[in-house]
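Beneath this line is the structure, given in structure tokens, with notes to follow.
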Amino acid sequence: MAKKDSAYTAEDIEILEDLSPILHRPGMYTDPVNPNHALVEIIDNAADEGLAGFAKNVVVTLYEDGSAEAVDDGRGIPVDIHPKKKVPAVQVIFTTLHSGGKFRKTDKDAVYRIAGGLHGVGVCVSNALSTKLEVDVKRDGAAWRIVFGPNGQLKEPLRKTGNAGPRETGTRVRFWPDAKYFDSPRIVPGDIAALLRAKAMLLPGVKFTLNVEKGGKFETTQWHFPEGIRGYFANAMVGAEPVASSFLGERYISAQSESDSFAEGEGALWAIAWTADGDLVNESYVNMIPTRHGGTHVSGLREGVYNAIRNFIDLHAMGQRGLKVVPEDVWSRANYVLAVKMLDPQFKGQVKNELISRDAVKLTAQMVRDPFELWLNQHVDEGKRIADLVLRQAMARTRAAQKVERRKSSGVAVLPGKLTDCASDDPDRNELFIVEGDSAGGSAKQARDKEFQAVLPLKGKPKNTWQDSPDTLYANKEIEAIALAVGVDHHKAGDNPDLSGLRYRKVIILADADVDGSHIQVLLLTLFFRHFPKLIEKGHVYVAQPPLFRIDVPAHGKNKPARKLYALDKQELASLEEKLEDEGVKEGAWTVSRFKGLGEMSPEQLWETTLNPDTRRMLPVLVEDGQLEASNDIFNMMMAKENASQRREWMETYGNLVDADIS
């Protein structure tokens, strides 16, 4: 509760303008480990000039003083006066968030229609987190220069420094990272080299060069792959022994394509090969941005290739009775490089390590499946060698699962009657969804994949078990059902319980996306943290993130049919609505619906948004090393009955930081 004499006036309302949001919360916009991402944003802009067909060379230099530079021979950043900001365009780009030339997606002739930089934050991060940043531009027969100081403040206004030849165009950006914003102020050359090597593969017409200064001299490395992905993949696979030749392909939506879901220019480029042993090559990109954690485009590749191989096995009668091939069998020994082009990709975080666009699953699978099926049936002998490897992986997995089952059979527990179990006996693949309520449980049972997903509905809110004795824990039938279903007995932190009976690798808490749902999550997390801590320590507990809103978007333009989008919360809803406006959808043309609960979703919606491993969002529940005691103190303060006064004090102190959903 706020103090009565505290004043709250207009002066207390802080507006974060220009680069202030980045300086206020740098971790939201970049990777705080080192300045690599700040340099990558500059490189992406140079590479986008190559993607647009204007730049032929991109040169990156890392200096001994910690600064870095990127030079391209593209068109040069515009230097004329911006009509709204009344300052040079180059100044706007480096000092104004959500500015740039890459938002206009409705014009099919737009140069940056498909580009790497899409958030409109990019080089503003590089500028804001620098002690100094210089920009030199050559265009329209003149050379220009502008310099920014600490925190991105303008130090030297744009000025003409000389003349340039009629064919001299391009941009040079050099910046000095501010050490106070990073754990280490040094850029890691190996990571930048890997990035430039990949961009050279994705842009066969552009030569990428890296200069690294050491002892006053420069070590230079160049990458140029005129054959594109073919030469790159062959280089990456040197020393490996594939069981068959590589499958390479490229496919994009054309103006003549009868696509009801995707726009002209969207599609994928790929190379795949299978090896029986050794390290694997697994690389994925979206609009030339490396996605180190994969994402929905990789899920689409997996789906398309898996379906093609499964059909090939069935067509040639290679399967065995009782042996089921699953996606893991196909992908456990697969090497791949995947590069997807999308009009409006959505990434998880500004660092862009993972793609979360749901459409990417369908796009990639649609691009890959038919060409791969055709390739397999045109190269039958090689297709059979790949299929043999896949079948051997399936048999090895099945044998391992049978050993686990035999080991557990000596003490079989009676499973709870309300549990709707899955068909698979493989605990490494199986998932258990713990759902509150019969309505939500019924929807989840209809929506799930019966092969590997089980559902355990609970009646009412779970009990607060923080202070329950282990001896009386199972007096509560709901908690007993959870323990029986999971297959692990209760234990204390520091114990070494027998986890051989664990029936599901993932135990997933599935609750409504509202305040009541959050309360249920906390109560179940309390149960696992207090009485089943090893499940959390081993990374077996997850929290599902169902959406709170659905956005129905009407058809607009030639290649944009009606569609449904989903948002986790109000912040993501606002972001999606902003993107729709950027796409050219008229404000108010779409409708927003709020889900009152999981039971209100159709099985198809629940599968697509929350259960499908390819498109869902889940949070792993983890405790960082050395943080177990601190986490225990927090749970004790929040859940112990005698700590009501502490909770009240905490809410008075920090309650204003919580964005509570009370509507």
Which is it for Glu604 and Lys564 under the salt bridge (charged side-chain N to carboxylate O under 4.0 Å, His left out) test, yes or no, and what are the steps along the way?
CA-CA 12 Å; Glu604 292 77 16; Lys564 290 181 174 63; over 6 Å; no

Could you please spell out the steps behind the side chain to side chain contact (heavy atoms under 4.5 Å, CB included) verdict for Leu315 and Asn377?
CA-CA 10 Å; Leu315 178 65; Asn377 289 296; 3.3 Å; yes

For Asp359, give me all partners under side chain to side chain donor-acceptor pair (under 3.5 Å), at least two apart in sequence or on another chain.
none

[X] and [Y] ion-paired at < 4.0 Å:
X	Y	answer
Glu431	Arg448	no
Arg429	Glu328	yes
Arg503	Asp421	yes
Asp329	Lys324	no

Run the side chain to side chain contact (heavy atoms under 4.5 Å, CB included) test on Leu502 and His540 for me, step by step, so that the C-alpha distance in whole Å, both residues' side-chain angles and the decisive distance to 0.1 Å come before the verdict.
CA-CA 10 Å; Leu502 182 67; His540 293 301; 3.5 Å; yes

Indicate, with yes or no, if the rings of Phe549 and Tyr566 have centres closer together than 6.0 Å.
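Not close enough - the centres of the two rings lie 6.0 Å or further apart.
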
Ring-ring centroid check Trp375 Phe247, cutoff 6.0 Å:
yes

With no hydrogens and no angle check, do the side chains of [X] and [Y] hold a donor and an acceptor under 3.5 Å apart?
X	Y	value
Trp270	Glu250	no
Asn211	Glu219	no
Arg358	Asn612	no
Ser245	His379	no
Gln393	Ser332	yes
Thr291	Asn353	no
Thr209	Gln222	yes

Residue pair [X] / [Y]: nearest heavy atoms and the distance that separates them:
X	Y	answer
Leu343	Glu266	N-OE2, 2.9 Å
Val286	Pro345	CG1-CB, 3.8 Å
Ser126	Ala38	OG-O, 2.6 Å
Gln453	Asp449	OE1-N, 2.8 Å
Asp73	Ala55	OD1-CA, 3.3 Å
Tyr252	Lys341	CE2-CD, 3.9 Å

Distance (rounded to the nearest 0.5 Å) between [X] [atom1] and [Y] [atom2]:
X	Y	atom1	atom2	result
Asp388	Lys384	CG	NZ	9.0 Å
Leu338	His297	CG	NE2	5.5 Å
Tyr504	Ile434	OH	CD1	10.0 Å
Asn235	Ile229	CG	CD1	12.5 Å
Arg369	Leu374	CZ	CG	13.5 Å
Glu41	Asn36	CD	CG	12.0 Å

Quick one: does any side-chain atom of [X] pair with a main-chain N or O of [Y] as donor and acceptor, under 3.5 Å?
X	Y	answer
Asn430	Ala454	no
Ser246	Leu248	no
Thr169	Gly74	yes
Arg230	Ala271	no
Arg563	Val553	no
Glu49	Ala46	no
Arg75	Phe54	no
Arg251	Met367	yes

Under 6.0 Å from the [atom1] atom of [X], do we count more than 12 heavy atoms belonging to anything else shown?
X	atom1	answer
Glu241	CD	no
Lys445	NZ	yes
Arg197	CZ	yes

Measuring only between side-chain heavy atoms, which start at C-beta, is [X] closer than 4.5 Å to [Y]?
X	Y	answer
Pro613	Met618	no
Asp614	Thr296	no
Tyr285	Pro290	yes
Gln545	Leu619	yes
Leu196	Ile192	yes
Val71	Thr171	no
Met395	Leu323	yes
Tyr336	Trp331	yes

Please step through side-chain hydrogen bond (donor to acceptor under 3.5 Å, both in side chains) for the pair Thr275 and Asn335, ending with a clear verdict.
CA-CA 7 Å; Thr275 50; Asn335 301 265; 3.0 Å; yes

Working note: Leu580 + Trp590, criterion side chain to side chain contact (heavy atoms under 4.5 Å, CB included); need CA distance, chi angles, decisive distance, verdict.
CA-CA 9 Å; Leu580 289 174; Trp590 60 84; 3.8 Å; yes

Hey, mind stepping through Val305 and Leu301 against side chain to side chain contact (heavy atoms under 4.5 Å, CB included) and telling me if it holds?
CA-CA 6 Å; Val305 170; Leu301 180 71; 4.2 Å; yes

Given the ring of Phe208, does Lys199 sit roughly above its face, with NZ or CZ under 6.0 Å from the centre of the six-membered ring and within 45° of the axis?
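Ring-cation test returns no.
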
